[in-house]
Amino acid sequence: MKQRQRSLLLALAPFVLMVLAFQVVPIFSMLTGSLRSAGGAGFTLGNYVHALSSAYYMQAIKNSLLISVLSSLIGLGVGLACAYCITRFAPAVRDRLLMLSNMTSNFAGVPLAFAYIILLGNNGVFTLLFKQWGWNVFDGFNLYSWTGLILVYVYFQIPLALLLLYPAFYGIREQWREAASLLGASPWQFWKTVGLPVLSPAIFGTLGILFANAMGAYATAYALVGGNYNLLAVRIGSLVAGNVVTQPEMGSTLAVLLALSTLLAVFLNQRMVRRMEGFSAAGPRRRERSGAGAGKTRWRIAREEAGR
Amino acid sequence: MNTSKAGAGPRSFMLLLMVYLLLPLVATGLYAFARDWQNTLLPESWTLEWFSGMFQDSRFLEALWTSLYLCVISVVLSLVVMLPAVFVITVYYPRWESFMKGIVVLPYAVPGVVAAVGLIRAYSSGPFNISGTAYLLIGAYFVVVLPYMYQGIRNSLLSVSAVELLNAAELLGARRRTAFLTVILPNIWPGVIVSALLSFSVLFGEFVLTNMLVGGHIQTIQVYLYKRVGESGHLASAIAISYFVFILLLSAVLMKLGQKIGRLSK
């Protein structure tokens with residue numbers, strides 16, 4: 001019995017070691033780092049006070065929050081409309097559409113920023129073409145600015161929103177609509193009193209994932225504007241691995257703030273997913289299918305985050 | 001919902017969406033084959049020189065090789081570590097599963113930049129000074145693929161009813177290690193391969209951690225691409241498109257394998 005225990009624990013040891021070394025220790029080191037003044041000993045909240053009172057860092061936080069909220073809301077809006085539209089198609093077409101949007105969600109990070117530079121950058125194909133044709137729709141448009149960033153962020157938010165939302169639309173069953181219309185409800189009344197309340201956990205949960213996704217996005221912004229635009233993720237990167245001066249303590253502090261916001265958003269998503277499961281308990285077969293869907297979705301999300 | 005026929009509204013809306021989503025891809029593709037593309041909607045003349053340039057560029061080939069071996073090593077390491085661990089937890093200590101899930105889900109919620117900060121701080125000084133080395137990167141990659149590996153291995157174990165299989169094998173007199181190697185492993189292998197390939201494709205596209213941890217020392221394909229963006233647009237397009245096609249092929253293989261396994265386990 002003793003030996004049995006020992007060999008089981010031996011099988012677990014490498015896993016525990018790796019997780020400790022590359023997950024627990026770094027997080028611990030980041031937390032203690034955020035509480036240490038540069039070069040000093042002892043613990044202090046000075047970094048947090050500094051981060052939250054410095055106009056520069058506050059601007060980075062504000063910019064990140066703004067771009068995340070805005071790109072998430074646009075992504076959510078378009079995603080909702082698309083998810084509804086997609087349910088109107090025949091299954092074969094629908095699967096192809098989903099596959100295409102799934103495919104484009106592989107196009108993220110550096111290659112995506114790069115494609116936009118080719119298209120709309122200073123010497124981009126469309127920029128030059130429209131200049132040639134005398135169109136001035138892009139006058140005053142600058143890809144390497146706020147509007148450009150929003151444009152690229154929205155691009156990677158839409159497929160993700162669509163993939164997260166469309167399973168929820170399938171939770172709305174045809175019988176409910178029939179029942180509602182038999183009772184004299186107009187389509188508008190149906191959506192207001194039945195459709196939207198059923199969808200709302202999925203909507204808020206998706207919003208959480210989109211927000212976290214945008215907050216943590218680094219590759220896209222970095223490849224597009226380098227250090228020139230004041231975003232939280234970009235700021236952290238240059239504080240820790242920059243070429244000029246590195247301030248790992250300040251970087252840790254900002255990283256903790258960023259992690260708190262994404263953890264909160266993911267927590268919101270988890271709670272909403274749980275509430276959603278209450279709605280889709282309409283039948284055993286249905287639950288099984290939505291369960292498989294949720295698993296797949298979760299895999300997708302992680303892929304998104306790895307690519308950004 | 002009504003799935004018979006879509007009206008004009010949904011049709012045109014989805015068409016618009018697809019154009020929007022595919023436009024950057026198609027444009028990058030065209031750019032990779034274009035010699036002149038200045039004044040017209042489509043390139044004026046075509047060429048393959050950017051692709052041939054790509055394969056003659058020794059730095060590109062080096063970066064490709066670096067990416068391949070780093071990803072393969074990380075995935076293999078992850079398999080070696082995770083297979084026994086997930087097996088032991090799922091079969092012998094199911095009480096620890098929720099704890100395990102917490103650890104494994106963490107990389108979902110923590111963005112790459114944040115993870116990089118901790119890794120750099122923990123390993124740039126002190127007894128384990130491995131900053132800028134492949135060891136640090138492989139460790140970081142291990143954490144990145146934790147969720148896929150855990151989910152994949154655990155699902156395969158549950159779908160082949162590992163506990164019953166094991167009991168049967170032990171009843172017939174097999175020792176535990178023998179039972180694991182000769183009964184369990186061959187049965188879960190297809191599912192494990194799928195998670196390994198998925199992990200590989202995730203790591204192949206990883207940029208944030210790679211650039212921050214070893215960007216100055218080791219060039220993977222993503223870091224290389226980033227460094228080429230400013231130089232030749234055509235060449236970088238060729239690389240970006242090749243990369244994209246590669247990932248697409250990989251996910252096609254994944255899907256086919258997944259379907260096959262799905263059918264088998266039914």
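These numbers come from a predicted model, not from an experiment. Just the heavy atoms: all of them, side chains too, but no hydrogens, waters or symmetry mates, feed the values below.
Taking 4.5 Å as the limit, every side-chain heavy atom of B:I120 sits out of range of all side-chain heavy atoms of A:P248. Under the 4.5 Å side-chain criterion, counting only non-hydrogen atoms from C-beta, B:V105 is not in contact with A:V266.
The CG atom of A:L100 sits 5.5 Å away from the CE atom of B:M18 when rounded to the nearest 0.5 Å. To the nearest 0.5 angstrom, A:M18 atom CE is 8.5 Å from B:L146 atom CG. With values rounded to the nearest 0.5 angstrom, B:L17 atom CG is found 8.0 Å from A:I86 atom CD1. Considering CG of A:L12 and CH2 of B:W96, their distance stands at 6.5 Å, rounded to 0.5 Å. Atoms OG and CE, from A:S101 and B:M14 in turn, are 6.5 Å apart once rounded to the nearest 0.5 Å.
Atom CZ of B:F99 sits in a sparse spot, with 12 or fewer heavy atoms from other residues, nucleotides or ligands closer than 6.0 Å. At most 12 non-hydrogen atoms from other residues, nucleotides or ligands lie less than 6.0 angstrom from OH of B:Y135.
Closest heavy-atom contact between B:P24 and A:L119: CA-CD1, 3.6 Å. A pairwise comparison of heavy atoms in B:P10 and A:C85 identifies CA-SG, 3.6 Å as the closest pair. The minimum heavy-atom distance between A:A223 and B:Y226, with the atom names listed, is CA-CE1, 3.7 Å.
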Atom pairs and distances, side-chain donor-acceptor, residues 254-262 of chain A, under 3.5 Å, sequence neighbours left out:
{"from": "A:S261", "atom 1": "OG", "to": "A:L258", "atom 2": "O", "distance (Å)": "2.8"}
{"from": "A:T262", "atom 1": "OG1", "to": "A:L258", "atom 2": "O", "distance (Å)": "3.4"}
{"from": "A:T262", "atom 1": "OG1", "to": "A:A259", "atom 2": "O", "distance (Å)": "3.0"}
{"from": "A:T262", "atom 1": "OG1", "to": "B:A109", "atom 2": "O", "distance (Å)": "3.0"}

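Under the 30°/60° scheme for interplanar angles, the aromatic rings of B:Y123 and A:F22 are found to be tilted. In this pair, A:F107 and B:F244 present their aromatic rings perpendicular. The plane angle is above 60°, beyond the 30 to 60° band.
Contacts of B:S124 with chain A are absent, with no heavy-atom separation under 4.5 Å from either backbone or side chain. Using a 4.5 Å cut-off between heavy atoms, B:M100 contacts chain A through its side chain alone, with no backbone atom that close. Both the backbone and the side chain of A:L8 come within less than 4.5 Å of a heavy atom in chain B. For B:L77, the part lying near chain A is the side chain, with the backbone staying farther off; criterion is any non-hydrogen pair under 4.5 Å. Residue contact with chain B, scored on non-hydrogen atoms closer than 4.5 Å, involves the side chain of A:I158 exclusively. With a threshold of 4.5 angstrom between heavy atoms, A:F114 approaches chain B through side-chain atoms but not through N, CA, C or O. Residue A:V152: no heavy atom, backbone or side chain, is found under 4.5 Å from chain B.
Between chain A and the options B:Y93, B:F204, B:F87, the largest number of non-hydrogen pairs under 4.5 Å is found for B:Y93. Of the residues considered (B:A240, B:A236, B:A140), B:A236 shows the highest number of contacts with chain A, using heavy-atom pairs under 4.5 Å. The candidate from A:A115, A:S29, A:A113 with the greatest count of non-hydrogen atom pairs under 4.5 Å with chain B is A:S29. The residue among A:L97, A:V19, A:V25, A:V93 with the most heavy atom pairs within less than 4.5 Å of chain B is A:L97. The candidate from A:G251, A:C82, A:P14 with the greatest count of non-hydrogen atom pairs under 4.5 Å with chain B is A:C82. Ranking A:G33, A:A13, A:P159, A:A233 against chain B, the residue ahead of the rest is A:G33, based on heavy-atom pairs under 4.5 Å. Among B:V114, B:L213, B:L248, the residue with the largest count of heavy-atom pairs under 4.5 Å with chain A is B:V114. Ranking B:V117, B:T28, B:L136 against chain A, the residue ahead of the rest is B:V117, based on heavy-atom pairs under 4.5 Å. Ranked by heavy-atom pairs shorter than 4.5 Å toward chain A, the options B:A122, B:A34, B:A27 are led by B:A122.
A donor-acceptor contact shorter than 3.5 Å links the side chain of A:Y155 to the backbone of B:L21. Judged by distance alone, with hydrogens and angles left aside, the side-chain atoms of B:R121 form no donor-acceptor pair with the main-chain N or O of A:M30 at under 3.5 Å.
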Quick one: do B:M212 and A:Y222 satisfy side chain to side chain contact (heavy atoms under 4.5 Å, CB included)? Show the steps, please. CA-CA 11 Å; B:M212 282 180 72; A:Y222 181 70; over 6 Å; no
Check against side chain to side chain contact (heavy atoms under 4.5 Å, CB included), B:R11 and A:F89: CA-CA 8 Å; B:R11 245 166 224 287; A:F89 284 91; 4.1 Å; yes
Could you go through the side chain to side chain contact (heavy atoms under 4.5 Å, CB included) check for A:M103 and B:L25 one step at a time? CA-CA 10 Å; A:M103 185 181 105; B:L25 261 171; 4.2 Å; yes
Walk me through whether B:V88 and A:F15 qualify under side chain to side chain contact (heavy atoms under 4.5 Å, CB included). CA-CA 11 Å; B:V88 167; A:F15 170 75; over 6 Å; no
